[in-house]
Amino acid sequence: MKRVLTFFGAPGVMLARTVRAGAREGIPWRETLAQVHELGGRSVWLVMSGMAFFGAVLVMIANAQAKKLIGNVAVLGPAYFEMLVRELGPAVSALLTASRAGASHSAELATMSVNEQVEALEMSAGDPYADLVAPRLVAGVVGVPLLSVLGTVAATASAVLVASVALDIDGRAFMDARYVDGWDLLVGGLKVLGCGLYIPLAAAVAGLNARGGAEAVGEATTEGVVAASLGCLLIDLTVSLAFQFVRL
Amino acid sequence: MSSPVSTTALAWLGRSAMRAVGGVGALALVAGRTAWGLRRLERRELTRGLVQFGYGSLPLALATAALAGVIVVVQAALYIQRFGARAFLGWAAGYGVLWEFGPLLLGLIMSARIGARNAAELATLKVGGQIEGLRGIGLDPFALLVAPRVVAMEVSMLALSTFTFLVSILCEAVAAKLTLDLPVRVFFGTFAQMLSPSDLLGGVVKTGAFGLAISLVSTAVGLRAKGGARAVGEAAASAVVLGCAAIFLLDFLLTTLLSRVLA
């Protein structure tokens with residue numbers, strides 16, 4: 001019970017403190033840019049290649065399913081594209097970003113707090129929330145949506161390629177946006193925004209609470225990655241279910 | 001007569017190629033030494049690994065499985081409502097979770113949890129000079145530290161996969177009842193009718209391959225760590241990234257291969 005409360009409560013407290021500190025102290029823009037590069041730039045190849053393989057696998061599986069039922073996988077194309085925009089693009093991109101950025105954020109912050117650099121920052125009148133957490137938060141909110149757009153593009157491209165090369169059908173059916181409407185974009189957007197907000201918070205909670213030696217850094221990294229991934233899955237599920245229940 | 005730009009590009013290409021070759025070599029070395037060390041497996045370390053990897057991950061794995069089940073149904077619901085094929089949901093959702101979402105999500109979560117921890121632990125030992133210490137007193141670090149982890153990870157993943165499949169299929173049935181108002185009897189009807197044991201085999205093979213990849217990649221990354229405390233964090237992060245990359249690559253290869261073999 002205590003762990004469940006901590007899982008949901010600690011990121012909330014972290015968000016409130018960071019927003020308050022950021023509003024009071026201002027956000028260091030140079031550091032924010034560096035974090036956008038760290039979260040976005042350095043994750044972009046992982047997300048794009050991961051999503052490309054994922055898109056290819058989805059088409060292979062859709063093909064196996066379609067063979068049993070309809071016989072022509074190209075019929076599923078528009079629905080595939082809607083599912084990618086609404087559910088899988090945001091969810092899997094965010095999950096990949098969570099493992100890449102969550103690990104590096106929590107390892108970095110844990111190293112800083114284990115080496116008492118966070119205390120040193122406080123001693124020199126800096127605010128760790130404004131100086132360390134806020135830039136990562138901004139980077140997450142900006143970076144995760146951009147990454148998920150790139151990931152969705154990569155998944156679509158590889159689906160088109162696999163369908164036309166390996167399955168020998170017109171692959172362009174897999175980029176048919178017939179079913180995609182504003183609601184799908186809203187669902188996808190809400191998911192990536194939620195995940196972008198949550199990943200840095202979970203990593204910061206794990207990282208700043210690390211105490212001890214080098215082992216604590218490893219522990220904090222694991223904890224940060226697990227919390228970030230699980231949180232992203234939960235956010236995706238909550239948004240999907242909420243929109244499923246109101247039938248949008 | 002090469003311009004500076006092409007020289008830099010060539011240098012970058014060469015460095016990347018060398019890194020790739022080095023990475024593959026390290027992986028092959030770890031795999032070979034592990035197989036060699038299997039005969040002198042440290043029993044106590046194996047038990048610790050089994051408890052930590054398998055039993056310790058059970059809550060997380062079950063939570064992931066439940067989420068995966070519900071997510072698959074919510075996603076399948078899009079297709080189902082479009083094409084009016086409600087009766088096929090059991091089969092489609094079961095196939096989706098056995099072949100794709102169950103193994104993939106379990107692999108990614110375990111790569112985050114176990115891969116990061118393995119790499120961090122071994123990197124701490126390496127950075128602290130304890131691995132050299134082991135070699136110095138005539139003990140094989142692969143038999144002592146790596147082989148038990150690989151075996152424990154493999155056994156844990158295979159055991160966890162059965163639990164996760166069960167839980168996610170049960171959650172799917174409940175989610176189908178709640179969101180689509182599909183009777184549980186209909187769900188399991190098509191599920192049992194249209195799925196064959198070979199479909200289950202595909203998921204288990206994938207999970208096993210992911211487990212092997214995670215343990216080999218994370219231990220190789222941990223043993224390559226050099227430097228101070230910072231290297232430990234870096235090793236943990238890159239173990240997660242390389243683990244995820246390996247999982248996606250294997251996922252694609254195995255889906256293509258298995259759907260041909262089992263069809």
Side-chain angles (χ1 to χ4, degrees), chain A residues 43 46 49-54 56-58 60-61 63-65 67-70 75-76 78-79 82-83 86-88 91-92 95-96 98-100 102-104 106-108 110-111 114-115 166 179 213-215 217-222 225-226 228-230 233-234 236-237 240-241 244-245, chain B residues 60 63-64 67-68 70-71 74-75 77-79 81-83 85 88 91-92 95-96 99-100 104-105 108-109 111-117 119-121 123-124 127-128 175 179-180 194 228-230 232-241 243-245 247-249 251-252 255-256 259 263:
Chain A
S43 307
L46 176 73
S49 54
M51 284 302 286
F53 279 120
F54 189 63
V57 169
L58 276 183
M60 299 300 284
I61 286 186
N63 181 49
Q65 293 194 333
K67 254 189 213 155
K68 253 186 181 169
L69 292 185
I70 326 169
V75 179
L76 292 175
E82 184 192 20
M83 191 166 79
R86 181 186 173 116
E87 313 272 350
L88 296 175
V92 183
L95 205 60
L96 282 170
S99 44
R100 169 74 185 72
S104 88
S106 40
E108 234 172 65
T111 312
V114 164
N115 293 342
Y179 291 150
E215 270 142 272
V217 176
E219 290 268 315
T221 310
T222 314
V225 175
V226 170
S229 321
L230 206 58
L233 283 179
L234 267 177
D236 292 334
L237 180 67
S240 291
L241 272 185
Q244 181 75 31
F245 272 118
Chain B
L60 184 70
T64 315
L67 285 178
V70 180
I71 287 175
V74 171
Q75 269 150 10
L78 279 178
Y79 280 121
Q81 281 162 356
R82 291 260 187 265
F83 298 108
F88 292 117
W91 167 68
Y95 192 86
W99 268 83
E100 185 59 21
L104 187 70
L105 286 180
L108 289 180
I109 290 273
S111 159
R113 192 182 127 81
I114 309 294
R117 155 170 256 157
E121 268 179 21
T124 312
V127 167
T179 60
L180 290 172
M194 300 180 65
R230 205 180 168 75
V232 177
E234 265 166 28
S238 68
V240 176
V241 173
C244 289
I247 285 173
F248 271 104
L249 186 64
D251 191 33
F252 176 66
T255 304
T256 321
S259 60

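It should be emphasised that the depicted structure is a prediction, and the values quoted were computed from it without experimental measurement. Below, chain A is the first sequence line, B the second, and so on; all start at residue 1.
Interface check for chain B: of the options A/Thr221, A/Leu95, A/Leu233, A/Leu58, the most heavy-atom pairs under 4.5 Å are formed by A/Leu233. For the set A/Val226, A/Asp236, A/Val92, the entry with the most heavy-atom pairs within less than 4.5 Å of chain B is A/Val226. Each of B/Leu67, B/Leu108, B/Leu249, B/Thr255 has some count of heavy-atom pairs under 4.5 Å with chain A, and the biggest count is that of B/Leu67.
Smallest separation of non-hydrogen atoms from B/Ala120 and B/Thr124: O-OG1, 2.5 Å. Shown here for B/Ala235 and B/Ala119, the closest heavy-atom pair between the two residues is O-CB, 3.7 Å.
Looking at A/Leu234, both its backbone and its side chain come within 4.5 Å of chain B, counting heavy atoms on both sides. Heavy atoms closer than 4.5 Å to chain A are found in the side chain of B/Val240, but not in its backbone. A/Ser99 touches chain B through backbone and side chain together, each having a heavy atom under 4.5 Å away. At a 4.5 Å heavy-atom cutoff, B/Ile247 makes no contact with chain A through either its backbone or its side chain. Both the backbone and the side chain of B/Thr256 come within contact range of chain A, judged by heavy atoms closer than 4.5 Å.
Annotation: the span from A/Met83 atom CE to A/Glu87 atom CD amounts to 8.0 Å, rounded to 0.5 Å. For the atom pair OG1 of A/Thr222 and CD of B/Glu121, the computed distance is 8.5 Å after rounding to the nearest 0.5 Å.
When side chains are defined from C-beta on, B/Glu100 counts as touching B/Asp251, because their heavy atoms get closer than 4.5 Å.
Between A/Phe54 and B/Phe248, the two ring planes are perpendicular [angle over 60°; tilted spans 30° to 60°].
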